[in-house]
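Worksheet for the structure shown next.
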2 protein chains.
Amino acid sequence: MTALRLVAEQNSVDVSHSAWLDTILKGDCVAAMEKLPAHSVDAIFADPPYNLQLEGTLHRPDQSKVDAVDDEWDQFESFAAYDAFTRAWLLAARRVLKPNGTIWVIGSYHNIFRVGAIMQDLGFWLLNDVIWRKTNPMPNFRGRRFQNAHETMIWASRDRDAKGYTFNYESMKAANDDVQMRSDWLFPICTGAERLKDEKGAKVHPTQKPEALLARVLLSSTKPGDVVLDPFFGSGTTGAVAKRLGRHFVGIEREQAYIDAAQERIAEVKPLEHLALELLVSKRAEPRVAFASLLDTGLIKPGTRLFDAKRRHTAVVRADGTLSSGTFAGSIHKVGAQVQDAEACNGWTFWHYERAGGLTPIDELRRVARVGIERAGA
Amino acid sequence: MTALRLVAEQNSVDVSHSAWLDTILKGDCVAAMEKLPAHSVDAIFADPPYNLQLEGTLHRPDQSKVDAVDDEWDQFESFAAYDAFTRAWLLAARRVLKPNGTIWVIGSYHNIFRVGAIMQDLGFWLLNDVIWRKTNPMPNFRGRRFQNAHETMIWASRDRDAKGYTFNYESMKAANDDVQMRSDWLFPICTGAERLKDEKGAKVHPTQKPEALLARVLLSSTKPGDVVLDPFFGSGTTGAVAKRLGRHFVGIEREQAYIDAAQERIAEVKPLEHLALELLVSKRAEPRVAFASLLDTGLIKPGTRLFDAKRRHTAVVRADGTLSSGTFAGSIHKVGAQVQDAEACNGWTFWHYERAGGLTPIDELRRVARVGIERAGA
DNA sequence: GTTGACTCTGAATCGTACC
DNA sequence: TGGTACGATTCAGAGTCAA
């Protein structure tokens, strides 16, 4: 490879025709990333092994066994070995990342402190640590510690002086009751129909992440058409959400079983309509909303059409928690006011969704959502 | 100081009359901790400086001067210096901590990852990371990041194999609407009357922590009478809360202004009444009762037939205090496990006896027996 | 169809006293 | 120091099945 070619790669911005786009590369993530062009992805989401150090088996109070994460890929000989592994993949990731790209890494207290320190050492600039608060975490069965009810995500830019990274501030704010999106996010763990199962009904991957979590990550820090790399692809949540949200993905995974499951999963994903994907450009967002949590918890889906009580007006729910009336986009209140040509509007009582042949106010969904929030909060 | 004296210090367990109890030691925290006896404090709460900008106070690993200050090198220097400082105080803290003591360290994403990794490297064993969610965090003014709405606390035991640390599980659970206390806590930041102000109305300390936060920390992981060390005492929140909750404190602080403010503050604190300080008695701490003693006192008679709650299993009480299921004989626990084909069983809650037409757990009889024991003991 | 009882499960670093 | 026995310990959500 010549120097000229290297430069060309580093300047390559148009990756829309690359063969590796929207595919899963099989193999070790460091080796795979080293084969990708430098500065070729807009964002990275990484869910590396947590290096749990478990001894013996844990029983629930009813004597049933806890299905622990004891997979070979989570075993490391020492902190030093884990650090070396972490340094290697982060270094390779940093080369692939565009200068204005950002990286997300998720972990627990077992590994996240080592990961964060190494990220700082390698020159990544930490933007936030974001807490995923689980509505339904596993209890602490022996009553020896606090219930481990969250995981930590680190969000960082490639360089300290990178100012041009993507952060969809207005979109996040509009989706959060028109106040700034906080660094603590509440989501359920991945269960039910979303959880991939094999033909025997066993979970395909022990640590599948919820799509709602990835959706907020991608909606906050990427634009439609961006390329998102996931070096620990697993069951492919990053790819599924990226495809749905109109982003490109690149997955890297070692185990064929995970690759097969992810490919099948992603093939079934239908990208959202363009209308639902547009990001807010308006700088003004004054009325109050609390809408994104309904999307987060699946109470309402992007693309859903809303109506006023008499079906005189209509709007479409977008993935970032805003509404679009076709000519105007904003919070549920703003759009409600706009379609009525009114000064103000309480979107919660104005907008209705179709259910069982009739219309129900979305306020009903907020009531349902609040129960969950109150249980997990305070 | 002679070797003899050193040994004496290391073995000193009774610190109830130490001159340094409930005082603030002035000076550098490493030097001050090195003067304290080894294994002399039950818990440590530390709120170290967050910023990685080098203050004159941080120990540089080597005193050589850097003339070419390009950003990367400067950053590396900063991290290295902060790491050295962190390692030094954590090492000194670990020496002072009792073998079954625990340590809390609070920080933000600027420093907490380095702190956590170094804690692991030094042999501390992480028990939880606990998130302080702020009800009223400072907004992100530039709209370039998520609102930084939390801080992270690391809770760790001194050693990996230390199992005897204090965790008041039942107290925490009761305080949390009778479900396990989670790892994410919601508290307001310190404002209003609680916030120390000087005569000009200015904040005495820039990062004064709320007393509610410290109260939960101390209530969860210390017992009344325990000694709590705070090597970065600041405005003395740890001391004030410790005094109020009937714990001893040791503060270390360099700046006289903070010491003065803290002393004044703590002097005004009134300790809670003894009754208000008592912890919920955990079953673990209650005196043991042998099943055979129920026979001795006539609470249950040989030949009594026992059942599980759903009458799926049965066994007979034998004169020696063992049970017989017909095919197997042994302790209430062993037979309970055997009939269920389980590895283990708590016979006290598993087995029931017939009373007034219904089934009552034999644990009820144990409770009666314990009352008798207490009466005899008192 | 609805309701309630029961079962199952999720990234888990999950004893202690006594002989 | 090791072996053995006691006996303490779970929340939310989804799925199943019977009433």
Side-chain angles (χ1 to χ4, degrees), chain A residues 47-71 73-76 79 106-112 132 134-152 188-195 197 201-203 205-210 232 234 297-298 371-372 375-376, chain B residues 120 124-129 156-157 160-165 167 169-170 173 176-183 282-291 310 330-334 336-337 343-351 362-363 366:
Chain A
D47 183 10
Y50 286 10
N51 190 25
L52 300 185
Q53 295 169 49
L54 307 175
E55 292 178 330
T57 53
L58 178 63
H59 292 88
R60 302 164 192 271
D62 66 3
Q63 303 302 331
S64 65
K65 274 184 197 160
V66 174
D67 183 16
V69 178
D70 52 4
D71 303 68
W73 48 255
D74 200 44
Q75 309 298 320
F76 293 85
F79 283 135
I106 186 168
S108 66
Y109 66 85
H110 313 87
N111 71 323
I112 199 65
W132 168 27
K134 305 179 184 184
T135 59
N136 49 351
M138 189 183 296
N140 183 291
F141 294 114
R142 304 302 295 264
R144 299 293 298 152
R145 306 178 177 195
F146 297 100
Q147 181 182 31
N148 191 12
H150 73 276
E151 293 188 25
T152 300
I189 60 176
C190 181
T191 59
E194 187 183 323
R195 187 92 196 206
K197 304 277 172 61
K203 54 190 175 194
H205 194 280
T207 70
Q208 186 180 339
K209 296 292 176 288
F232 305 97
T297 54
V371 174
R375 284 216 187 115
Chain B
Q120 290 181 311
F124 289 104
W125 192 244
L126 305 196
L127 298 169
N128 279 113
D129 57 338
S157 60
R160 176 172 184 162
D161 56 357
K163 305 290 187 190
Y165 61 86
F167 178 55
Y169 174 76
E170 293 79 11
K173 183 173 175 178
N176 192 42
D177 207 10
D178 286 332
V179 292
Q180 296 190 333
M181 186 67 78
R182 296 166 49 106
S183 55
S282 71
K283 287 191 180 174
R284 292 184 178 91
E286 288 184 298
R288 289 206 170 188
V289 175
F291 182 69
K310 295 177 182 172
S331 71
I332 53 173
H333 313 293
K334 278 278 201 293
E343 285 184 18
C345 170
N346 182 345
W348 288 109
T349 51
F350 179 76
W351 292 112
I362 59 173
D363 204 28
R366 178 168 64 163

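Only heavy atoms go into these numbers, but all of them, side chains included; no hydrogens, no water, no symmetry mates. Chain naming here is simple, since letters A, B, ... match the order of the sequence lines and numbering starts at 1 in each.
Side chains of A/His110 and A/Ser108: a donor on one and an acceptor on the other come within 3.5 Å.
Rounded to a whole angstrom, the distance from the C1' atom of D/dT10 to that of C/dC6 is 16 Å. Separating the P atom of D/dG7 from that of C/dC19 is a span of 13 Å, rounded to the nearest Å. Taking the P atom of each, D/dA8 and C/dG10 are spaced 28 Å apart, rounded to whole Å.
Remark: the A/Arg144 side chain and the C/dT13 base include no donor-acceptor N/O pair separated by less than 3.5 Å. Taking 3.5 Å as the limit, the base of D/dG7 and the side chain of B/Arg366 contain no donor-acceptor pair of atoms between them.
When each of D/dT9, C/dA12, C/dA11 is scored by its nearest atom to the side-chain atoms of B/Glu170, the top-ranked nucleotide is D/dT9. Among the nucleotides C/dA12, C/dT13, D/dC11, the one closest to any side-chain atom of A/Val69 is C/dA12.
Across the interface with DNA chain C, nearest-nucleotide mapping of A/Thr207 and B/Arg288 shows A/Thr207 to be the residue nearer the 5′ end. When the nearest nucleotides of DNA chain C are assigned to A/Arg142 and B/Lys310 by heavy-atom distance, the more 5′-ward of the two goes with B/Lys310.
In a base pair of the Watson-Crick type (N1 to N3 plus N6-O4 or O6-N4) or a G-U wobble (N1-O2 and O6-N3), with each distance short of 3.5 Å, C/dT13 is matched with no nucleotide. Base pairing annotation: D/dT10 forms no Watson-Crick or G-U wobble pair, as no partner gives both donor-acceptor distances under 3.5 Å. With a 3.5 Å ceiling on both atom-pair distances, the Watson-Crick or G-U wobble partner of C/dC6 is D/dG15. The partner of C/dC19 is D/dG2, judged by Watson-Crick or G-U wobble contacts that both fall below 3.5 Å.
Residue B/His333 places at least one side-chain N or O under 4.0 Å from the OP1 or OP2 atom of D/dG7. A close approach under 4.0 Å does not occur between any side-chain nitrogen or oxygen of B/Ser282 and OP1 or OP2 of D/dA8. Taking side-chain N and O atoms only, A/Lys134 has no distance below 4.0 Å to OP1 or OP2 of D/dC11.
For A/Arg144 and B/Tyr165, the positive end sits near the middle of the six-membered ring, less than 6.0 Å away and at most 45° from its axis.
Panel note: side chain B/Arg182, backbone B/Asn176; no donor-acceptor pair is recorded below 3.5 Å.
Within 4.0 Å (heavy atoms only), A/Trp132 reaches no atom of the nucleic acid at all. Within the nucleic acid shown, A/Lys209 comes within 4.0 Å of at least one base atom, counting heavy atoms only. Note on B/Ile332: nothing from the nucleic acid sits closer than 4.0 angstrom, heavy atoms only.
In this entry the base of C/dT13 is syn relative to its sugar, with a glycosidic angle within 90° of 0.
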